[in-house]
Amino acid sequence: METGSTSEPLLDPHMSSVHNTDSPVASSNWPSVLDSLKFLPINNLSSSVATQNTVVPSKLCLDASNNAIVTSATTSINIDDCIGADITDTGLLTIHAYPQSAPKCGSTSTKPRPRTYSQSTFQLQSSDAGTLDLPLCNSTLLPLLRSLCNPSSSSNRKYLVLVNPFSGKKQGLKIAQEIVKPMLLQSNITPIITPTTHPGHATELMSSPTLLSSYDAIIAVGGDGLLYEMMQGLSHRPDSSTFLEQMPFGIVPAGSGNGLAASVNSVADKFDDTTSNVFVICKNVPKPADLSLYDTSEGNSYASFLSLSWGIVADVDLESEVLRALGSLRFDVYAVWRMIALKQYRAKLSYINCEVEMPPIGETVGEDWTTIEDNFLCFWALQTSHASQGMHTSPASKMDDGKFHLYIVRGKATRLNLLTSFLAFEDGSHVKQKHMEIIECTAFRLEPLTDNSHIDIDGEEVEYGTIQGQVKAGAWRLFY
């Protein structure tokens with residue numbers, strides 16, 4: 001190998017750090033083509049083509065100990081921020097990254113910060129001034145860089161991107177085209193963007209018999225309602241269990257509540273915005289997550305990933321639809337109204353916190369179940385940390401803990417008690433309030449004894465009456 005600034009290898013296989021066993025790529029697998037390449041950084045040049053006369057080549061190395069690609073003596077790219085790489089027909093190498101924005105001056109906060117796009121582009125050249133072997137670069141260098149960005153990635157991946165263009169502020173298609181599509185393409189993933197056209201369309205699409213063989217993942221761009229529709233179609237497939245275990249899912253927020261998206265970002269320790277959700281999809285390996293199955297007294301079944309509410313929370317969520325134009329502010333405005341016109345709700349609640357075979361809904365629960373009959377103001381069964389963006393409603397909930405967390409406020413609580421709870425949902429401090437009861441369980445049955453509320457599953461209304469639910473631990477795969 002030649003020495004000097006004009007003939008350094010693009011990635012140096014002789015650095016001691018690459019022998020670290022934690023490195024994403026073993027040193028023995030590093031292609032010999034790296035010794036025959038030099039690169040010219042062109043990020044700051046006005047021309048798209050760089051020459052040796054305009055910029056001095058520098059060395060690009062893998063520093064496994066710091067999990068970084070070193071691009072010069074003073075700069076590097078954090079591999080954790082990278083989602084992909086490309087080489088054009090003219091030999092331009094681009095590494096796509098989404099680093100966190102710099103902290104504010106003097107800030108010591110460790111909270112996640114927004115991610116913004118940053119590209120590092122280099123003109124590949126042969127170190128001996130010969131013709132660049134582009135096919136060799138594409139078959140050796142490019143797979144190496146992509147495996148560094150995402151060790152679990154594979155070529156020719158195709159994701160179904162299902163979009164509800166009517167969710168929230170009707171920005172779903174714009175988000176899919178301007179954020180989701182570019183980031184997936186940067187990750188070597190082909191997005192198939194499919195808008196829904198009518199209520200129930202997502203349920204219909206999920207029943208397709210060729211869905212599992214046609215796509216490598218399914219991404220929902222919309223609110224929780226879109227994914228709820230998808231789950232109803234999936235749960236009634238004859239191959240439902242197999243499908244959910246094999247097909248990864250992702251969520252990109254474009255609705256009013258966006259509870260699952262907020263929960264994913266919380267678990268992944270990412271800033272709660274759209275780019276962060278897509279970054280999680282591009283970067284992370286799908287993991288098992290819980291679902292729950294509900295049966296009603298009318299004989300219907302529903303799949304859920306988020307929550308069930310009854311009482312004031314369900315009333316606020318469903319009756320505030322008339323204020324949908326306000327976005328997420330609609331919940332705050334309507335909550336104030338419902339507290340002014342406060343109602344009491346009576347029900348019988350039974351629950352158990354162990355593996356159990358659910359009895360038919362018309363039969364009495366076993367003696368090992370706990371049963372409460374009382375007046376309530378709030379009943380909320382939660383599976384995830386956030387019921388919507390900005391509402392840290394169940395801090396103890398995990399994506400895969402196999403548990404419901406029931407949040408209950410009984411009828412003896414005051415309006416002030418209820419108001420303090422709603423205000424405390426933002427940071428999760430309601431869990432410390434004396435009037436807030438928290439019950440952990442694997443299954444429950446709710447029997448409303450007054451006909452003055454709604455039953456709300458994942459933000460969607462279902463028929464009113466006795467309902468029972470059970471957690472199905474790790475029943476589906478989710479990017480988080």
I want to check something: taking the side chain as every heavy atom from C-beta on, are [X] and [Y] in contact at a cut-off of under 4.5 Å?
| X | Y | result |
| --- | --- | --- |
| F243 | W476 | no |
| L244 | F249 | yes |
| N150 | C282 | no |
| E229 | N164 | no |
| V471 | K403 | no |
| K398 | V267 | no |
| V180 | P191 | no |
| L124 | L141 | yes |

At what distance, to the nearest 0.5 angstrom, does [atom1] of [X] lie from [atom2] of [Y]?
| X | Y | atom1 | atom2 | answer |
| --- | --- | --- | --- | --- |
| S187 | H96 | OG | NE2 | 8.5 Å |
| E460 | D224 | CD | CG | 9.0 Å |
| R330 | E321 | CZ | CD | 4.5 Å |
| I438 | K432 | CD1 | NZ | 11.5 Å |
| D216 | M247 | CG | CE | 7.5 Å |
| L205 | H201 | CG | NE2 | 4.0 Å |

If you look at every heavy atom in [X] and [Y], which pair is closest and at what distance?
| X | Y | answer |
| --- | --- | --- |
| F305 | T384 | O-CG2, 3.5 Å |
| L260 | L306 | N-CD1, 3.8 Å |
| I219 | F479 | CD1-CE1, 4.3 Å |
| P195 | I193 | CD-O, 3.9 Å |
| V163 | G172 | CG1-C, 3.4 Å |
| S421 | H430 | O-CB, 4.0 Å |

For [X], does the [atom1] atom sit with more than 12 other heavy atoms under 6.0 Å from it, leaving out its own atoms?
| X | atom1 | answer |
| --- | --- | --- |
| E426 | CD | no |
| K287 | NZ | yes |
| Q246 | CD | yes |

Any donor and acceptor pair, going by atom type alone, linking the side chain of [X] with main-chain N or O of [Y] inside 3.5 Å?
| X | Y | answer |
| --- | --- | --- |
| S240 | L234 | yes |
| Q232 | A303 | yes |
| N258 | G255 | yes |
| D458 | S307 | yes |
| T210 | S214 | no |
| D290 | D401 | yes |
| Y98 | P114 | no |
| Q470 | V356 | yes |
| Q125 | G91 | no |

Anything under 30° is parallel, anything over 60° is perpendicular, the rest tilted; go ahead and classify F404 against F444. perpendicular

State, without any angle test, whether T94 and D86 hold a side-chain donor-acceptor pair at a distance under 3.5 Å. no

Please determine whether side chain to side chain donor-acceptor pair (under 3.5 Å) holds for the pair S301 and D295, giving the CA-CA distance in whole Å, both sets of side-chain angles, and the decisive distance to 0.1 Å. CA-CA 5 Å; S301 298; D295 296 315; 2.9 Å; yes

Just do the side-chain contact (heavy atoms from CB on, under 4.5 Å) check on T196 and L226 with the steps written out, would you? CA-CA 9 Å; T196 58; L226 174 61; 4.1 Å; yes

When you check the gap from the basic side-chain N to the acidic O, do D273 and R113 get nearer than 4.0 Å? no

Would you call R237 and D239 a salt bridge, using N to O less than 4.0 angstrom? yes

ring-ring contact (aromatic ring centres under 6.0 Å, His included) partner of F425, chosen from Y407, W380, F331: W380

One pair to check against side-chain contact (heavy atoms from CB on, under 4.5 Å): L93 and L145. What are the steps and the verdict? CA-CA 10 Å; L93 165 67; L145 289 172; 3.5 Å; yes

